[in-house]
Q: 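After the structure tokens below, expect a handful of questions from me.
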Amino acid sequence: MKKITLKDIAAHFGVSVSTVSKAINDSYEISASLKTKIQQYAEENNYSPNRLALSLLNKSTKTIGIVLPNILNYFFTQVFYGIEKVANERGYNLISCISNESYEKEVKTLGVLSSGTVDGLIISLAEETQSKNDVTHLEKFIKSQIPLVLFDRITDLIDCDKVIVDDLEAGYKATNYFIKTGCKNIAIVTPIDHSSVGRLRIDGYKKSLAENNIDYDDRLIVRLEKDDDLSLLLTFLLDYKKIDGILVLDEITAVKLMKILKPKGYKIPEDISIIGFTNGKLSEYVTPSLTTMSQHGSYIGESTARILIDKIESNLSQEEETFTTKVVKTSLIVRESTKNQSTKY
């Protein structure tokens, strides 16, 4: 069935397209009787406006693009929730895309979104993009004069607004907690070794070890690649040294690790304490419940959306623009997978 257009409605009433447009948009310039007839006819024939045409006319789409690297990570789900909340409040629609940690997919997505589809973009870089350290596609996007906000996984090569987590402090706080509860041989399992956030968390871990006069041992860092066998790598780690604390840099991997440890005869936290990242539902309901570093994903999403929409609506020239970097602190949510500070086994 052919979609009815403004031109079709205009032909039906013998008026101009401009008159029909004004009538549908309830303009005072059109008489009440004609306006009612046109609106009723449009509704009966399921007329819907051409959003692309309107955006070209108004030079605004009221739409924000979001590019996330991994929707399976609960942190990014929380961020999306925060973005959507603020976007709805401010009257903006969302186009969400997943790069799936792929540089190539990220490049193609930005190519599509830079063609006038969106008024602004929120993006967290794919791990592959950060590994390549190639942000030419971001530079091209900025040249299209569409506001851009980077969050979580960012790059210093691009001048734009940014919202980041204090990941170095997060790694530092988690390691300090292990040490305060009596852990001496603390390992890290990282499935995000090629990302900036993963490296910063390890830097925080190193800082805590140094302050507590504990030697850093690179063999205690388990760098988990996409096709690696976590159970096998964990066996190598536990055979190497008596581990009593493991910091896992994402939630899903932390839960998998706990499941692997139990059949091996390890008690959590009596034998090995576990701290994960992202305070999601898995952490709360797994047994024992998982101590986590909360990155406050919803708050990051809300902050990112507000910064972007304010920038879109400011209509500042490139010469007038200034950029900010907002740093969000993490919180340690203590549950059953770690010992209490007052109890050292």
Side-chain angles (χ1 to χ4, degrees), residues 75 165-225 228 230-262 264-279 282-283 286 288-295 329-345:
F75 167 70
V165 178
D166 194 339
D167 283 290
L168 189 146
E169 185 197 47
Y172 175 80
K173 284 198 294 192
T175 309
N176 267 355
Y177 189 81
F178 278 130
I179 294 168
K180 287 176 182 177
T181 55
C183 296
K184 300 185 185 305
N185 295 315
I186 304 159
I188 286 185
V189 174
T190 172
I192 52 171
D193 189 54
H194 300 296
S195 74
S196 59
V197 297
R199 292 191 292 269
L200 285 167
R201 291 170 193 174
I202 292 175
D203 287 344
Y205 161 83
K206 290 177 179 178
K207 180 183 175 185
S208 176
L209 293 182
E211 287 185 4
N212 288 279
N213 298 312
I214 299 172
D215 291 335
Y216 169 73
D217 183 350
D218 194 65
R219 290 184 66 179
L220 297 186
I221 310 296
V222 177
R223 296 174 173 87
L224 189 65
E225 300 293 339
D228 283 345
L230 176 59
S231 181
L232 182 61
L233 293 177
L234 195 57
T235 298
F236 292 153
L237 173 69
L238 297 173
D239 286 346
Y240 169 64
K241 190 173 280 189
K242 182 175 170 56
I243 303 298
D244 50 16
I246 303 178
L247 177 59
V248 189
L249 301 193
D250 83 336
E251 183 183 50
I252 293 175
T253 305
V255 172
K256 287 179 181 177
L257 184 141
M258 290 169 68
K259 188 176 180 181
I260 293 167
L261 284 175
K262 289 178 186 177
K264 292 179 180 290
Y266 290 94
K267 293 180 182 179
I268 302 169
E270 292 87 346
D271 299 324
I272 300 179
S273 290
I274 310 291
I275 298 178
F277 267 79
T278 303
N279 186 34
L282 278 175
S283 300
V286 70
S289 57
L290 180 64
T291 295
T292 60
M293 296 303 304
S294 174
Q295 300 146 278
K329 299 290 186 180
T330 57
S331 302
L332 180 67
I333 310 297
V334 178
R335 296 197 179 97
E336 299 168 346
S337 68
T338 49
K339 305 163 194 172
N340 295 322
Q341 287 194 36
S342 59
T343 308
K344 296 184 181 180
Y345 291 85

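Keep in mind that the numbers below use all heavy atoms, side chains included, and drop hydrogens, waters and symmetry copies. As the structure is a computational prediction, the values presented were derived from the model and not from experiment.
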Q: Go through the structure and list residues passing side chain to side chain contact (heavy atoms under 4.5 Å, CB included) with Arg335, not counting sequence neighbours.
A: Asn279, Ser283, Glu284, Ser289, Thr291, Thr292, Ile333
Q: Partners of Asp250 by salt bridge (Lys or Arg N to Asp or Glu O under 4.0 Å), sequence neighbours excluded?
A: none
Q: Using the rule given for side-chain contact (heavy atoms from CB on, under 4.5 Å), can you reason through Phe178 versus Asp244, listing the C-alpha separation, both sets of side-chain angles and the distance that settles it, and then say yes or no?
A: CA-CA 9 Å; Phe178 278 130; Asp244 50 16; over 6 Å; no
Q: How many angstroms lie between atom OG1 of Thr190 and atom CD of Glu225, to the nearest 0.5 angstrom?
A: 9.0 Å
Q: Side-chain atoms of residues 232-241: list all donor-acceptor pairs with protein atoms under 3.5 Å, sequence neighbours left out, distances to 0.1 Å.
A:
unit_1	atom_1	unit_2	atom_2	d
Thr235	OG1	Ser231	O	2.9
Thr235	OG1	Lys264	NZ	2.9
Tyr240	OH	Asp217	OD2	2.5

Q: Hey, what do you get for CD1 (Ile268) to CD1 (Ile246), rounding to the nearest 0.5 Å?
A: 8.0 Å
Q: To the closest 0.5 Å, what do you measure between OH (Tyr172) and CG (Leu200)?
A: 15.5 Å
Q: Verify side-chain contact (heavy atoms from CB on, under 4.5 Å) between Val189 and Leu230, making sure each step is shown before the conclusion.
A: CA-CA 9 Å; Val189 174; Leu230 176 59; 4.1 Å; yes
Q: Walk me through it: do Glu169 and Met293 pass the test side-chain contact (heavy atoms from CB on, under 4.5 Å)?
A: CA-CA 10 Å; Glu169 185 197 47; Met293 296 303 304; over 6 Å; no
Q: What are the two closest heavy atoms between Tyr205 and Ile188, and how far apart are they?
A: CG-CD1, 3.3 Å
Q: Using a cut-off of 6.0 Å, state whether more than 12 heavy atoms not belonging to Lys256 lie near its atom NZ.
A: no
Q: Using salt bridge (Lys or Arg N to Asp or Glu O under 4.0 Å) as the criterion, list what pairs up with Asp228, not counting sequence neighbours.
A: none
Q: Are Leu249 and Asp193 close enough that some pair of their side-chain heavy atoms sits under 4.5 Å apart?
A: no
Q: Write down the atom of Cys183, the atom of Lys339, and the distance for their closest heavy-atom approach.
A: SG-NZ, 4.3 Å
Q: Treating Ser337 as the side-chain partner and Ile274 as the backbone partner, does any N or O pair qualify as donor plus acceptor under 3.5 Å?
A: yes
Q: Would you compute the distance between atom OG1 of Thr338 and atom CG of Leu247 and round it to the nearest 0.5 angstrom?
A: 11.5 Å
Q: Can you name the residues that form a side chain to side chain contact (heavy atoms under 4.5 Å, CB included) with Asp218, not counting sequence neighbours?
A: Tyr216, Ile221, Arg223
Q: Could you tell me which non-hydrogen atom of Lys242 sits nearest to which non-hydrogen atom of Asn185, and how far apart they are?
A: O-ND2, 3.0 Å
Q: Considering residues at least two apart in sequence or located in another chain, which fulfil the side chain to side chain contact (heavy atoms under 4.5 Å, CB included) criterion with Lys259?
A: none
Q: Is there a donor-acceptor pair closer than 3.5 Å between any side-chain N or O of Lys207 and the backbone N or O of Leu168?
A: no
Q: CG of Leu209 to CD1 of Ile179: how many Å apart, nearest 0.5 Å?
A: 5.5 Å
Q: Determine, stepwise, if the pair Val197 / Val165 fulfils side-chain contact (heavy atoms from CB on, under 4.5 Å).
A: CA-CA 8 Å; Val197 297; Val165 178; over 6 Å; no
Q: Atom OG1 in Thr330, atom CG in Asp167: separation rounded to 0.5 Å?
A: 7.5 Å
